[in-house]
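Since the structure comes first, as structure tokens, the remarks are kept for the end.
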Amino acid sequence: MRYLPHTTEEIGEMLAATGHERLEDLFSHIPQACRYQGEIDIPKPLSEWALNDHFIAIEKNIQTASAKAILVGGGSYSHHIPQIVTSLMSRSEFLTAYTPYQPEMAQGTLQGIFEYQTLTARLLGMEVANASMYDGASALAEALLMSLRIQKKKTSVAVSSAIHPHYREVVRSYLLAGSFNIVELETGPDGRTDLSKLQDIEDLAGVALQSPNFFGVIEDLETAGTAIHSVDALFISCFTEPFAYGLFRSPGQCGADIVCGEGQSFGMSQSFGGPGLGMFCCRSKYQRNIPGRVVGETVDIEGKRGYVLTLSTREQHIRREKATSNICSNQGICSLTAAAYMASLGGTGLRRVARLNYDKASYLKNALVECGARPLFNSPTFNEFVLNFADDFEPVRNRLIDKGIVAGINLGRFYHEYEGAYLFCVTETTSKAILDAVISEVRS
Amino acid sequence: MRYLPHTTEEIGEMLAATGHERLEDLFSHIPQACRYQGEIDIPKPLSEWALNDHFIAIEKNIQTASAKAILVGGGSYSHHIPQIVTSLMSRSEFLTAYTPYQPEMAQGTLQGIFEYQTLTARLLGMEVANASMYDGASALAEALLMSLRIQKKKTSVAVSSAIHPHYREVVRSYLLAGSFNIVELETGPDGRTDLSKLQDIEDLAGVALQSPNFFGVIEDLETAGTAIHSVDALFISCFTEPFAYGLFRSPGQCGADIVCGEGQSFGMSQSFGGPGLGMFCCRSKYQRNIPGRVVGETVDIEGKRGYVLTLSTREQHIRREKATSNICSNQGICSLTAAAYMASLGGTGLRRVARLNYDKASYLKNALVECGARPLFNSPTFNEFVLNFADDFEPVRNRLIDKGIVAGINLGRFYHEYEGAYLFCVTETTSKAILDAVISEVRS
Amino acid sequence: MTHGPGMNGLILDEPLLWEKGKKGRCGFSMVEQDVPEANLDNLENLLGDGPDFPDLSEIDVVRHYTRLSTWNFGVDTGMYPLGSCTMKYNPKINEKMAAMPGITTSHPLLEDKLSQGTLQIMFELQKFLAHITGMDAVSLQPAAGAQGELTGMQIFAAWFRKKGEKRNKILIPDTAHGTNPASAALCGFKPVAIKSGADGTLDVKVVTELMDEETVGIMLTNPNTLGLFEESIRDVTTIVHEKGGLVYCDGANMNAVMGVVDFKRCGIDVMHLNLHKTFSTPHGGGGPGAGPVCVVDQLKNFLPVPRVKHEKGRYYLEYDHPDSIGRLHAFFGNFGVLVRAYSYILSMGAGNLKKASQLAVLNANYVREAFRDVLHLAYDKPCMHECVFSDKMQHKYKVTTLDMAKRLIDHGYHPPTIYFPLVVPGAIMIEPTETENRDDLDQFVAVFKDVVREAKENSERLREAPTRTKLRRLDETRAARKPCLIG
Amino acid sequence: MTHGPGMNGLILDEPLLWEKGKKGRCGFSMVEQDVPEANLDNLENLLGDGPDFPDLSEIDVVRHYTRLSTWNFGVDTGMYPLGSCTMKYNPKINEKMAAMPGITTSHPLLEDKLSQGTLQIMFELQKFLAHITGMDAVSLQPAAGAQGELTGMQIFAAWFRKKGEKRNKILIPDTAHGTNPASAALCGFKPVAIKSGADGTLDVKVVTELMDEETVGIMLTNPNTLGLFEESIRDVTTIVHEKGGLVYCDGANMNAVMGVVDFKRCGIDVMHLNLHKTFSTPHGGGGPGAGPVCVVDQLKNFLPVPRVKHEKGRYYLEYDHPDSIGRLHAFFGNFGVLVRAYSYILSMGAGNLKKASQLAVLNANYVREAFRDVLHLAYDKPCMHECVFSDKMQHKYKVTTLDMAKRLIDHGYHPPTIYFPLVVPGAIMIEPTETENRDDLDQFVAVFKDVVREAKENSERLREAPTRTKLRRLDETRAARKPCLIG
Ligand SMILES: Cc1ncc(COP(=O)(O)O)c(C=O)c1O
Ligand SMILES: Cc1ncc(COP(=O)(O)O)c(C=O)c1O
């Protein structure tokens with residue numbers, strides 16, 4: 001086997017050096033009762049080429065593999081990824097390194113993460129960012145836990161019902177054991193979170209909103225921030241689509257205390273939902289409460305600028321059960337990827353692509369409305385929006401699938417009150433020709 | 001444009017520094033009569049994504065893109081290429097470097113080529129190898145020219161008619177201007193080169209054979225060598241399929257003076273015939289006559305082992321019109337690829353894969369013969385062979401194409417006397433299932 | 001410096017991203033604007049200016065990351081014997097498989113019938129991991145080992161909640177990885193430390209004493225973080241089960257025992273695996289990983305949803321599990337990592353997985369023997385995949401583990417894990433993994449012995465190390481005291 | 001060392017391939033033997049033992065080449081202002097396009113109908129190159145610039161053969177690239193050197209004197225290897241044509257004049273392009289390249305066969321050209337390189353190609369201005385894509401071009417081309433290309449000026465350079481005197 005370098009002679013000689021006769025003898029102290037019986041039941045080894053054929057067969061079994069377009073977002077977005085990002089991130093010095101415990105051998109990773117933290121903080125208008133969480137959902141859960149740590153005596157958090165339903169499920173899993181109280185805030189008729197009942201909730205440590213929210217609607221974060229701060233809770237702003245901040249004001253500018261969300265849009269392929277990137281920022285006054293790894297600037301003994309993992313006294317390997325989080329491995333190369341992606345875009349490019357998303361989504365939304373569809377909510381949206389149709393949309397959707405276009409998902413899966421309303425997503429990757437095909441199918 | 005970094009302001013400042021007003025002014029000394037009129041007539045620029053779509057459309061227009069197997073060789077072979085070879089050779093330090101003129105910045109390339117030369121010489125049983133020629137065909141042409149240089153007074157060369165017809169065409173192009181005499185040696189009834197008339201040729205500087213030859217037949221190189229040396233000519237042995245030497249004796253072992261051929265089989269994809277690799281070896285007594293670049297071992301001023309381009313006094317940049325060849329850029333990364341491929345195989349792997357080629361080709365050949373086909377020649381073959389069929393094979397071949405299998409090419413294109421005989425190739429990449437499909441199609 | 005690969009060379013400096021660039025440059029290929037510009041009028045107070053990112057050209061970005069990469073060291077560069085991390089070779093073919101367009105473009109929210117291939121990968125991988133561990137059911141959702149632990153702890157909590165029992169202590173050996181107590185605490189459990197026995201493994205007596213009906217059970221690592229197999233595991237699990245408790249096994253060290261140990265037979269109820277260790281997916285400078293959780297039958301209804309099932313040739317997602325602890329990840333975990341592990345298992349087959357474990361253990365024992373007279377051996381017993389030494393024999397030269405580690409860097413090796421596990425002061429934890437060949441081990445041993453010799457003969461040199469890297473020793477205290485986290 | 005990116009760093013040593021490995025190891029994934037073993041009996045005296053190659057595991061091979069790569073410097077690493085070589089950025093997307101499975105698996109000997117897509121690429125690229133140069137017909141077969149020259153010379157020879165004229169001299173300026181006279185000689189022509197005029201360009205008078213009816217014509221480079229445009233080109237071509245001669249232009253320096261110069265209007269009959277220069281395909285440490293040949297209408301029947309044609313929506317290969325010089329390559333040349341150039345041209349479009357030339361010329365003139373007071377300028381005229389200096393001003397410090405070049409390495413730059421063209425003793429030929437940005441040019445200039453200052457203040461330091469590379473200055477004389485070409 002090409003991954004196992006030992007020749008038979010070497011094994012013999014090495015066994016002699018360790019005082020064993022056969023490889024099995026290395027395990028002689030393992031009790032019989034613990035032993036594996038027989039051979040592991042998995043397929044016989046495939047050569048590199050047979051493996052390739054096997055994957056080609058699997059790919060044929062992925063029915064969207066040849067789709068022309070998938071106009072669905074909901075937390076996983078199709079964006080163009082420059083080839084340089086993919087090529088650079090596959091350099092083995094980045095890819096096959098461990099967490100940078102030995103900074104002298106990992107300055108590439110460390111400077112790269114420091115740059116990621118900086119660009120992330122700039123994007124979100126915040127003062128401090130960490131080196132990544134697993135994904136947007138667990139980042140939100142950790143943000144809420146962080147608000148409970150900061151506001152030690154409080155036991156409740158409030159979460160907008162317009163936050164991605166899966167994110168709210170993850171929040172529930174993470175907070176369940178702590179016997180914290182999670183209040184869901186209703187969505188108003190404008191598709192924005194209804195904050196009018198905040199005052200009624202006791203012991204509120206943090207309030208979380210998502211913008212653009214699951215319905216694609218841009219929340220009025222500034223107004224929300226004022227309301228949240230007025231009940232002395234931390235304002236947590238989350239997102240699934242960071243491209244929005246190329247066009248819209250950042251959560252930081254609107255007064256958020258913690259900002260977190262999913263960074264997959266920045267250079268990671270969709271890959272059935274992972275790996276993505278949990279982005280996480282906060283005000284610097286909370287930096288010692290932040291979960292996860294952080295990289296900080298320092299100098300070496302000759303005074304040269306360099307980077308190290310820092311604030312580790314928050315972390316599990318030092319603090320153990322008192323750590324701010326249990327996170328250890330995180331999304332390393334994904335954070336570097338996001339930084340490379342942001343660098344490729346630049347400020348000018350980010351704005352331009354964000355605008356394209358907005359323009360293209362608006363084009364489809366307006367055209368479908370002209371065809372008789374009704375927006376579920378009338379507030380401004382970015383690259384996602386929800387429509388109701390006079391007739392059942394499912395047959396149209398199926399016809400489009402036959403043409404290689406998957407358009408929208410039924411919101412009923414997530415909100416039974418919105419059964420039959422469809423969530424669409426249009427990004428810069430969709431050409432007008434595709435959008436026109438959808439429009440004409442709806443029209444016909 | 002993302003490849004052009006200059007901002008408008010920078011252009012302005014730089015123009016000021018060079019004393020120009022507009023970019024056009026940089027060209028003011030170019031006579032009007034030489035100027036390009038209007039804009040270049042090429043398509044408007046495509047974005048990275050539009051380009052990708054364009055290439056996908058082209059790929060759809062390559063009718064073999066989805067073929068299951070192509071059982072055709074004739075100088076271009078389908079072999080498995082380990083992913084590591086592809087991944088390593090795309091490292092930009094190798095790929096984006098120039099010819100190693102500054103050895104202190106190019107030891108990676110230089111050691112890599114030195115290793116390539118060494119493995120090549122070992123494979124072919126020779127003493128010296130160069131750093132590559134353009135392809136097998138021009139390597140053969142250069143080998144014949146080299147024999148004429150070595151045997152200064154002689155003006156004739158003889159070339160087996162069983163050498164790849166395209167190689168012979170290239171030889172003709174290269175030798176034409178020198179008004180040298182090229183004699184073609186007939187193929188005997190055993191499919192081997194008929195050397196019986198060598199004595200009749202005057203002034204013979206070199207004689208070239210190919211083994212396995214274009215018919216897939218293994219020449220009896222040792223006997224041929226004796227015959228060639230007996231007329232005081234240099235024995236040039238060429239090849240299109242180096243895998244053969246995993247199983248068969250090397251040309252060097254059989255007495256060849258110059259060995260050359262195509263190295264595409266060693267890790268290069270077929271890519272419509274290029275880039276491949278011209279491999280080129282000779283006895284060390286002829287090393288100062290060798291064409292092309294060579295790398296040699298030396299030491300640095302601290303005595304450490306290192307590598308440099310050497311014997312450059314043979315070359316065009318020093319010798320100009322008296323150079324041993326006009327070659328400058330050659331097949332750099334392809335030679336490194338071949339070395340990485342040979343290293344991945346190792347001696348054990350090369351032998352094993354060569355054997356597999358032989359076994360699989362024999363399986364098809366024997367089965368088709370059982371179905372009534374007749375080998376054009378009865379001598380031993382490696383992974384290619386020629387068959388005649390009782391009935392026209394073309395309809396069978398077309399049916400197979402419809403099933404995604406391209407089997408054989410009609411020799412009539414190259415030798416009208418062999419019209420209707422088909423040259424087949426089977427390598428380790430073809431499964432028994434494919435071979436059985438061919439067999440049953442022939443049978444039916 | 002007689003044996004090692006370390007030497008000087010030219011590498012290039014590179015500023016921070018925003019110290020480069022010029023407004024108006026662009027490294028991104030812009031798409032055509034093929035639709036009319038939309039109206040922005042109704043957005044006024046929502047619109048922003050966009051972030052202050054540097055504008056770079058494509059070559060600027062390429063050179064930036066190319067240069068940064070040259071300051072790094074990966075498994076492809078050289079030996080990386082970082083204990084507990086299983087830094088084995090990461091096959092390139094797995095990267096290619098994970099990058100297949102059909103896979104990278106698949107969307108996680110579509111109906112099952114559009115995602116049969118991706119579901120197939122998950123279903124089969126679940127089955128493979130169940131067979132490899134001996135456990136009954138698997139969830140691939142956890143994004144890393146620590147999240148696997150959290151999942152396991154939540155299953156513990158859900159189990160007792162369902163049984164209506166209020167327990168809140170959990171036994172955790174003092175050798176446990178830091179994530180273990182942290183994960184338990186996240187679930188509201190109170191970790192009770194178990195001191196490991198004189199031989200570095202669990203003392204059955206201590207477990208018997210501590211295990212009671214207020215304790216949810218035990219969370220242990222096997223093989224443990226000293227590289228030792230917990231030989232009394234069956235007794236320990238029996239004791240815990242007798243008191244109604246559950247047993248969690250941190251299976252991050254699975255690389256030592258594939259095809260050798262059956263965890264269900266050991267009495268384990270829940271365990272996680274680190275695919276980014278045992279199953280060869282690259283670590284990416286800190287991630288992403290994947291930490292699937294395996295359970296025995298009686299706990300399978302507590303696994304996260306959705307679960308991937310297969311029936312009548314159809315793969316599907318199943319959500320309806322009222323006992324489930326819910327969701328841990330927005331979608332299905334780090335799917336791309338799962339693809340790589342799946343590809344690895346298919347490449348290896350049963351025989352090679354077992355062989356990998358055998359050779360990993362052989363390599364560790366070989367190294368252990370080689371150092372026994374120059375480094376203090378923490379526990380003198382046959383080890384599994386890794387061996388733990390300390391700097392005790394170097395104290396007299398005022399040389400620490402850190403000094404030796406940094407000096408190894410100068411010789412071109414990534415240092416072993418140091419100062420972990422905490423129970424061994426000045427620990428040096430070496431895990432060679434099975435993909436290192438004997439010649440390379442011999443060279444590593446020779447170099448390390450040189451370093452040990454230097455500790456005696458030229459200790460200043462060690463304290464000054466590393467000297468050959470781009471930067472010398474970094475001031476970590478300063479970084480922590482006045483954190484500068486963004487530029 | 002105040003401005004430059006150069007500094008020390010850790011890079012690793014690595015032995016030769018055969019100094020590693022162990023018989024029986026294997027880095028190759030072996031295919032299943034699914035057919036019976038064939039009989040070897042009739043092969044006895046033909047069978048061999050196979051070569052003595054080292055057996056390595058996959059990780060051995062990976063580390064070997066990963067480490068070797070770290071001893072190299074490419075365009076992705078940093079500035080590579082190698083004159084005459086056009087070391088511009090090589091876009092990654094072109095690599096991806098060339099690696100598309102449909103392209104990499106296409107076989108060159110199949111019938112046209114199975115290869116429409118590949119023929120389409122060739123046909124369109126031919127057309128693009130014709131339009132870019134202004135010429136009428138193109139062959140993509142030559143595998144490099146030098147083979148393009150050979151092709152051109154053969155066309156010259158065939159033309160005169162067909163006309164029944166016996167001519168055998170050819171005029172070649174003394175600034176010509178070495179491949180020019182070598183290619184001419186390969187065709188049996190006798191090069192006659194033309195001394196370039198005092199301003200570095202051709203002197204019409206000299207051409208008039210030398211051109212006669214025994215001369216096939218002239219082979220010139222434009223822009224020439226001094227980076228100057230041959231302003232009298234129209235006069236020169238007229239003179240040559242008047243004597244019945246033909247004009248060959250080495251178009252390797254096309255990067256300076258895309259969209260600016262029309263070569264047919266200049267009177268050129270045959271020219272070649274270096275796709276691995278102007279059209280951004282990577283140099284691969286020495287190749288592969290591609291050297292397409294462009295001709296005017298009257299010579300198109302002499303182009304190599306097969307030619308790629310297009311009619312009624314069908315692409316096809318045409319062989320029937322009795323005047324053709326025949327074949328230069330076993331198949332169609334370095335097709336994979338052609339794909340990259342095609343991809344580049346499609347990405348750029350007309351406007352950007354012209355812009356690229358403008359910026360290439362701007363960069364060269366900017367550098368030329370910057371150095372004019374510290375380095376001797378060989379010819380004080382506006383330059384095109386490159387500028388040529390010499391070490392004349394440094395003679396007094398006993399510092400040579402070589403010393404300065406080697407010292408630049410220490411600062412993290414690839415040196416310019418040195419000692420070429422031969423007409424400038426101690427030449428330093430700088431071609432920045434358009435993909436270098438202004439900041440990077442400024443830094444390069446500052447560093448080079450530092451080096452020049454050092455030449456005066458600390459010349460020993462230059463003669464010892466480089467000191468920061470893996471190896472110091474290599475003994476080239478020794479290598480040539482006692483060649484050791486294999487290990
Ligand atoms: C024994 C052990 N358990 C758990 C973990 C945590 O795994 P992860 O880093 O994937 O969260 C690790 C990894 O460092 C480990 O070595
Ligand atoms: C001006 C000029 N002509 C010709 C050549 C030869 O091209 P190639 O190396 O592709 O054979 C070169 C390349 O070095 C060149 O710079």
Side-chain angles (χ1 to χ4, degrees), chain B residues 1 5 10 18 23 26 36 39-41 45 58-59 61-63 65 88 91-93 96-97 99 104-105 107-109 118 122-123 134 137 169 173 177 249 269 271-275 296-298 300 306 310 316-317 320-321 323 326 329-333 344 346-347 349 351 359 362-363 432, chain D residues 27-28 34-35 38 48 50-51 53 55 65 68-69 71-76 102 104 106 108 114 116-118 131 143-144 146 178 181-183 185 187-188 262 266 282-289 326-327 330-331 334-336 349-350 352 358 361 365 437-438 469 471-472 479 484 486-487:
Chain B
M1 210 293 151
E10 283 175 321
T18 62
L23 283 171
L26 293 164
Y36 202 94
E39 220 191 30
I40 303 170
D41 176 23
I58 285 180
E59 199 179 34
N61 210 11
I62 301 173
Q63 288 68 7
L88 292 167
R91 283 185 61 86
S92 62
E93 292 91 335
T96 72
T99 302
E104 298 85 358
M105 289 190 114
Q107 282 300 303
T109 295
T118 304
R122 289 187 187 187
L123 175 77
Y134 303 134
E169 288 180 41
S173 307
R249 292 177 71 198
S269 67
S271 287
F272 212 44
E297 193 172 288
T298 186
D300 76 355
T310 191
Q316 43 76 24
H317 61 285
R320 300 179 74 86
E321 65 268 23
N326 69 333
S329 290
N330 43 88
Q331 303 292 105
I333 196 78
S344 295
R351 194 164 184 77
D359 290 346
S362 300
Y363 177 80
K432 181 168 175 295
Chain D
F28 199 85
D34 58 359
V35 298
F53 285 177
D55 284 355
Y65 287 99
L68 255 56
S69 77
W71 309 343
N72 251 27
F73 185 97
V75 171
D76 282 10
T104 56
S106 63
L114 299 180
Q116 288 295 297
T118 43
H131 290 168
S183 301
C187 263
D262 179 320
C266 292
H283 285 77
R327 223 179 230 290
F331 301 110
N334 285 329
F335 182 77
N352 286 316
Q358 291 174 329
V361 173
N365 277 288
N437 69 44
R438 188 212 172 161
T469 43
L471 297 181
R472 303 281 304 279
C484 165
I486 68 168

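Protein chains get the first letters and strands the later ones, always in sequence-line order, with residue 1 at the start of each.
- For the set B/S329, B/P45, B/S269, the entry with the most heavy-atom pairs within less than 4.5 Å of chain D is B/P45.
- Annotation: maximal heavy-atom pairing with chain B below 4.5 Å, among D/T104, D/N352, D/D76, occurs at D/T104.
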Worksheet item: What's the verdict on side-chain hydrogen bond (donor to acceptor under 3.5 Å, both in side chains) for D/N365 and B/T18, showing C-alpha distance, side-chain angles and the deciding distance?
Response: CA-CA 6 Å; D/N365 277 288; B/T18 62; over 6 Å; no

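- Among the candidates D/G326, D/G336, D/G188, the residue making the largest number of heavy-atom pairs closer than 4.5 Å to chain B is D/G336.
- For the set B/L123, B/D300, B/I40, B/T99, the count of heavy-atom pairs under 4.5 angstrom toward chain D peaks at B/D300.
- With hydrogens and angles disregarded, no donor-acceptor distance shorter than 3.5 Å links the side chain of B/Q107 to the backbone of B/M105.
- Looking at D/N334, its side chain does come within 3.5 Å of a backbone N or O of D/A143 through a donor-acceptor pair.
- Using a 4.5 Å cut-off between heavy atoms, B/R122 touches chain D through backbone and side chain atoms alike.
- B/E169 meets the salt bridge (Lys or Arg N to Asp or Glu O under 4.0 Å) test with D/R327; sequence neighbours excluded.
- The ring-ring contact (aromatic ring centres under 6.0 Å, His included) search around D/F335 returns B/F272, not counting sequence neighbours.
- The shortest non-hydrogen separation linking B/G296 to B/T310 is N-CG2, 3.6 Å.
- Between B/E104 and D/R472, the closest heavy-atom pair is CG-O, 3.6 Å.
- Residue with the most contacts toward chain D among B/S362, B/P5, B/G306, B/A137: B/P5 (heavy-atom pairs, distance under 4.5 Å).
- Contact count versus chain B (heavy atoms, under 4.5 Å) is highest, among D/C484, D/G289, D/C187, for D/C484.
- Among B/L23, B/L88, B/T118, the residue making the largest number of heavy-atom pairs under 4.5 Å with chain D is B/T118.
- Note on B/G347, B/A65, B/S92: by heavy-atom pairs under 4.5 Å with chain D, the leading option is B/G347.
- Shown here for D/V361 and B/L26, the closest heavy-atom pair between the two residues is CG1-CB, 3.9 Å.
- Ranked by heavy-atom pairs shorter than 4.5 Å toward chain D, the options B/K432, B/M1, B/R320 are led by B/R320.
- Top candidate by heavy-atom pairs under 4.5 Å with chain B, chosen from D/G50, D/P108, D/P282, is D/P108.
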